[in-house]
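In this text the structure is predicted, and so the values were computed from the model without any measurement. All ligand and atom numbering here is 1-based and tracks the order in the structure.
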Amino acid sequence: MMISQAMCDKLNGQIKLEFSAAYQYLSMACTFDSMGLKILAQLFQQQYAEEREHALKILGYVQEVGGAVKLEAVPKPRGDCKTVQQIVEAALESEVAVTRAIGELMEAAIADKDHATQSFLKWFVDEQVEEVSSMTDLLTLVKLAGDNVLQVESRVRHQMMQTE
Ligand code: MG
């Protein structure tokens, strides 16, 4: 194995965290859908797919360096968020937590003098900047719109069409 056992365990932990984030986004997408907010539901479905890809990317790396993949139980998504703002706040909180976890992985890779894992993690460091930034923008938009959630839908739809 090209990485330490401790690093392999940490990467397995990150796979679980990414799948947990994916599952949480999927649950939030379903909540938006049940509220009739189809565009936000679509956006969060996309986030779900992205988080799942992150998990699979790490899984592939663990296999590539000769480590053993150990899949763990994914926790039940939180269901305490009732309003659009609460949901987006929880999503931002989750992105901040994932960013912290990636940072801790990077610090461990540096302490291990594990250059391969440092190089691999760099993509995730950049990705998290984007994730936190876009979720912060969405929260700002939701706060500005106040009770007018349809305005959020129309703005998000516009942004999604531009990035297509
Ligand atoms: Mg992720």
Side-chain angles (χ1 to χ4, degrees), residues 2-4 6-33 37 39-65 67-81 84-112 114-142 152 156-157 159-160 162-164:
M2 293 169 69
I3 58 174
S4 70
M7 179 55 71
C8 185
D9 293 344
K10 286 187 175 73
L11 289 169
N12 272 304
Q14 191 66 29
I15 292 171
K16 175 190 175 176
L17 192 61
E18 300 287 348
F19 272 127
S20 306
Y23 212 39
Q24 182 66 65
Y25 271 123
L26 184 61
S27 167
M28 289 167 167
C30 291
T31 305
F32 283 137
D33 188 83
L37 301 171
I39 302 297
L40 282 170
Q42 200 184 328
L43 178 71
F44 273 52
Q45 277 256 8
Q46 279 179 11
Q47 289 298 124
Y48 154 72
E50 266 189 36
E51 298 308 332
R52 209 186 44 194
E53 265 176 51
H54 293 168
L56 293 178
K57 208 174 165 107
I58 300 165
L59 188 150
Y61 177 73
V62 170
Q63 290 176 325
E64 204 179 355
V65 295
V69 172
K70 287 196 190 107
L71 295 182
E72 290 174 47
V74 172
K76 184 179 172 182
R78 57 188 282 185
D80 56 331
C81 304
V84 173
Q85 186 172 329
Q86 282 171 355
I87 294 171
V88 176
E89 275 168 351
L92 177 58
E93 224 173 80
S94 161
E95 289 297 351
V96 169
V98 170
T99 303
R100 199 180 309 123
I102 294 288
E104 284 166 8
L105 275 177
M106 183 61 105
E107 280 159 31
I110 291 166
D112 260 9
D114 177 349
H115 296 278
T117 303
Q118 287 175 51
S119 175
F120 170 73
L121 288 172
K122 213 182 155 297
W123 183 89
F124 284 88
V125 171
D126 296 340
E127 175 70 8
Q128 282 312 120
V129 172
E130 202 188 299
E131 298 272 56
V132 171
S133 163
S134 61
M135 206 46 74
T136 302
D137 287 350
L138 181 60
L139 182 58
T140 303
L141 185 62
V142 167
V152 176
V156 170
R157 189 166 67 122
Q159 283 166 6
M160 283 167 87
Q162 280 178 327
T163 51
E164 257 172 22

Does Glu130 CD have over 12 foreign heavy atoms under 6.0 Å away?
no
Measuring from the Mg ion (ligand 1), name the closest N, O or S atom belonging to Glu18.
OE1
Indicate yes or no: does Glu93 engage Arg78 in a salt bridge with an N to O separation below 4.0 Å.
yes
Can you tell me if, anywhere in Glu127, an N/O/S atom lies at a distance from the Mg ion (ligand 1) that is smaller than 2.8 Å?
no
Geometric class of the Phe120/Tyr61 ring pair [parallel <30°, tilted 30-60°, perpendicular >60°]:
parallel
Polar contact flag, side-chain donor to acceptor under 3.5 angstrom, Gln46-Glu50:
no
How about Glu51: does one of its N, O or S atoms come closer than 2.8 Å to the Mg ion (ligand 1)?
yes
Any idea which N/O/S atom from His54 gets closest to the Mg ion (ligand 1)?
ND1
